[in-house]
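In what follows, a single structure is set out as structure tokens and then discussed.
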Amino acid sequence: MKIAFVGKGGSGKTTLSSLFIRHLAANEAHVVAVDADINQHLAAALGLDEGEAAALPAMGSQLPLIKEYLRGDNPRITSAATMIKTTPPGKGSRLLRVREDNPVYDACARTVRLDDGEIRLMATGPFTESDLGVACYHSKVGAVELCLNHLVDGPDEYVVVDMTAGSDSFASGMFTRFDMTFLVAEPTRKGVSVYRQYKEYARDFGVALKVVGNKVQGEDDLDFLRAEVGDDLLVGVGQSDWVRTMEKGRPAPFELLEADNRMALQALQNAAEDSYDLRDWERYTRQMVHFHLKNAESWGNEKTGADLAAQVDPAFVLHEHHAEPGARQPA
């Protein structure tokens with residue numbers, strides 16, 4: 001299942017993403033983690049040192065390779081250069097699966113060993129001064145969106161994406177690519193401000209959204225969040241000595257994370273699994289096409305010099321059976 005963590009800057013979004021990833025690995029789930037935030041901190045939160053984090057390949061710089069691989073022999077895509085971040089798969093496209101080796105993972109992913117297992121970690125790459133006036137950060141995040149469009153996953157397989165802060169993901173259709181979106185909010189007015197923006201979009205597109213209260217110190221904080229977000233509040237997470245120690249560079253074994261916070265992480269996993277049971281592949285594919293046509297008309301056709309609407313394969317529906325071991329490419 002595909003999981004997004006969103007929230008305003010400083011909400012603890014990346015910390016909770018990393019804790020959830022550790023929790024999944026400890027439960028023997030198969031995990032691909034993606035740092036899609038402008039501020040690339042997920043690697044450090046997962047225990048990598050500065051050198052290891054800096055050595056992670058940037059997905060944005062591998063976009064030509066990603067496009068060429070995913071294009072496969074899809075006859076509707078005349079060249080990899082005509083692919084944009086919203087290009088959907090069709091007959092002949094190559095798909096990505098969580099538990100496989102492929103050229104995209106070879107180029108963009110690295111294995112990270114945690115206390116209780118290992119994961120694959122991918123990163124968009126940091127926003128640099130060279131991007132100013134040349135390419136918006138959305139072009140780098142576009143590599144993530146293109147991969148999500150072509151990625152199929154099954155039970156016990158997780159793609160966890162630490163999204164950029166605020167509501168920037170609404171600039172494209174990437175916010176519809178997830179089975180569950182966890183919005184991390186502190187119990188303050190500013191903390192819940194992003195929630196209202198997300199809620200409106202989530203309602204319009206049927207996106208499953210749950211609020212995770214962070215830095216909760218008592219019932220008064222929970223009461224505040226309930227009053228602001230109602231039934232969307234899933235769970236509250238308190239201050240953590242384990243996290244504080246980890247942030248000092250002296251991480252303790254994950255099994256020593258406070259019991260209340262481990263229970264909160266299990267509540268997140270339960271909610272994610274419930275949302276997966278409701279997955280609608282036809283709607284998922286339809287929304288993918290919707291945003292592709294929208295982008296094609298607004299800027300994609302002009303940029304590529306091609307009719308990108310012709311890339312849509314009306315007979316193709318992405319489906320879970322594509323994720324089964326040994327499954328053939330869509331035909």
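Everything quoted here is computed from the prediction, not taken from an experiment.
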Find the distance between [atom1] ([X]) and [atom2] ([Y]) and round it off to the nearest 0.5 Å.
X      : Y      : atom1 : atom2 : value
Leu65  : Cys108 : CG    : SG    : 6.5 Å
Met83  : Leu308 : CE    : CG    : 10.5 Å
Leu268 : Phe182 : CG    : CZ    : 4.0 Å
Ser18  : Leu121 : OG    : CG    : 11.0 Å
Asn39  : Thr14  : CG    : OG1   : 8.0 Å
Lys8   : Leu183 : NZ    : CG    : 11.0 Å

For a quick test of reading the model, state the closest non-hydrogen atom pair linking [X] to [Y] and the distance between them.
X      : Y      : value
Arg250 : Thr245 : O-CG2, 2.6 Å
Leu42  : Ala33  : CD2-CB, 4.4 Å
Asp35  : His41  : OD2-N, 3.2 Å
Ala272 : Ile3   : CB-CD1, 3.5 Å
Glu186 : Ser11  : OE2-CA, 3.6 Å
Thr78  : Arg71  : O-NH2, 3.0 Å

Do [X] and [Y] touch side chain to side chain, with heavy atoms closer than 4.5 Å?
X      : Y      : value
Leu70  : Leu96  : yes
Val207 : Phe178 : no
Pro103 : Glu68  : no
Leu318 : Pro89  : yes
Arg262 : Glu255 : yes

Closer than 3.5 angstrom, by distance alone: can the side chain of [X] be matched with the main-chain N or O of [Y] as a donor-acceptor pair?
X      : Y      : answer
Lys210 : Leu234 : no
Thr87  : Ile84  : yes
Gln311 : Thr82  : yes
Gln287 : Phe205 : yes
Lys91  : Asp313 : no
Gln40  : Asp37  : yes

Q. With sequence neighbours excluded, what pairs up with Glu219 under the salt bridge (charged side-chain N to carboxylate O under 4.0 Å, His left out) test?
A. Arg226
Between [X] and [Y], how do the two ring planes meet: parallel, tilted or perpendicular, split at 30° and 60°?
X      : Y      : answer
Phe175 : Tyr201 : perpendicular
Phe20  : His23  : parallel
Phe254 : Trp242 : perpendicular

Q: Go through Val144 and Leu148 one step at a time and tell me if the side chain to side chain contact (heavy atoms under 4.5 Å, CB included) criterion holds.
A: CA-CA 6 Å; Val144 178; Leu148 289 176; 4.1 Å; yes
Q.
Quick one, Leu19 with Asn261, criterion side chain to side chain contact (heavy atoms under 4.5 Å, CB included). Give me CA distance, side-chain angles, the key distance, then yes/no.
A. CA-CA 9 Å; Leu19 291 177; Asn261 289 332; 5.9 Å; no
Let me check something: do [X] and [Y] share a hydrophobic cluster, defined by ILVMFWY side-chain heavy atoms less than 4.5 Å apart, either directly or through other members?
X      : Y      : answer
Tyr195 : Val6   : yes
Leu95  : Trp281 : yes
Val34  : Val98  : yes
Val229 : Met180 : no
Met174 : Met122 : yes

Residues [X] and [Y] bridged, charged N to O under 4.0 Å:
X      : Y      : answer
Arg177 : Glu145 : no
Arg244 : Glu247 : no
Glu228 : Arg196 : yes
Arg22  : Asp116 : no

Give a yes or no on whether [X] atom [atom1] has more than 12 heavy-atom contacts from other residues, nucleotides or ligands under 6.0 Å away.
X      : atom1 : answer
Asp231 : CG    : no
Gln239 : CD    : yes
Asp232 : CG    : yes

Q: Might you work through the side chain to side chain donor-acceptor pair (under 3.5 Å) test for Gln266 and Asn270, ending with a clear yes or no?
A: CA-CA 6 Å; Gln266 185 60 52; Asn270 293 343; 2.9 Å; yes
Mind listing the side-chain donor-acceptor pairs of residues 44-56 below 3.5 Å, one per line with the distance, residues two or more places apart or on another chain?
residue : atom : partner : partner atom : Å
Asp49   : OD1  : Gly51   : N            : 3.1
Asp49   : OD1  : Glu52   : N            : 2.7
Glu52   : OE1  : Asp49   : N            : 2.9

Q | Full working for side chain to side chain contact (heavy atoms under 4.5 Å, CB included) between His319 and Val152 | A | CA-CA 7 Å; His319 197 274; Val152 287; over 6 Å; no
Q: Report the C-alpha separation of Lys67 and Leu146 in whole Å, then their side-chain angles, then the decisive distance to 0.1 Å, and conclude whether the side chain to side chain contact (heavy atoms under 4.5 Å, CB included) test is met.
A: CA-CA 8 Å; Lys67 290 181 177 181; Leu146 190 60; 3.7 Å; yes
Q: Go through the side-chain N and O atoms of Tyr69 and Asn102 and say whether any donor and acceptor fall under 3.5 Å apart.
A: no
Q | Between Glu118 and Thr111: side-chain donor-acceptor atoms closer than 3.5 Å | A | no
Q. Residues in side-chain contact (heavy atoms from CB on, under 4.5 Å) with Asp179, at least two apart?
A. Met1, Lys2, Asp153, Ser275, Tyr276, Arg279
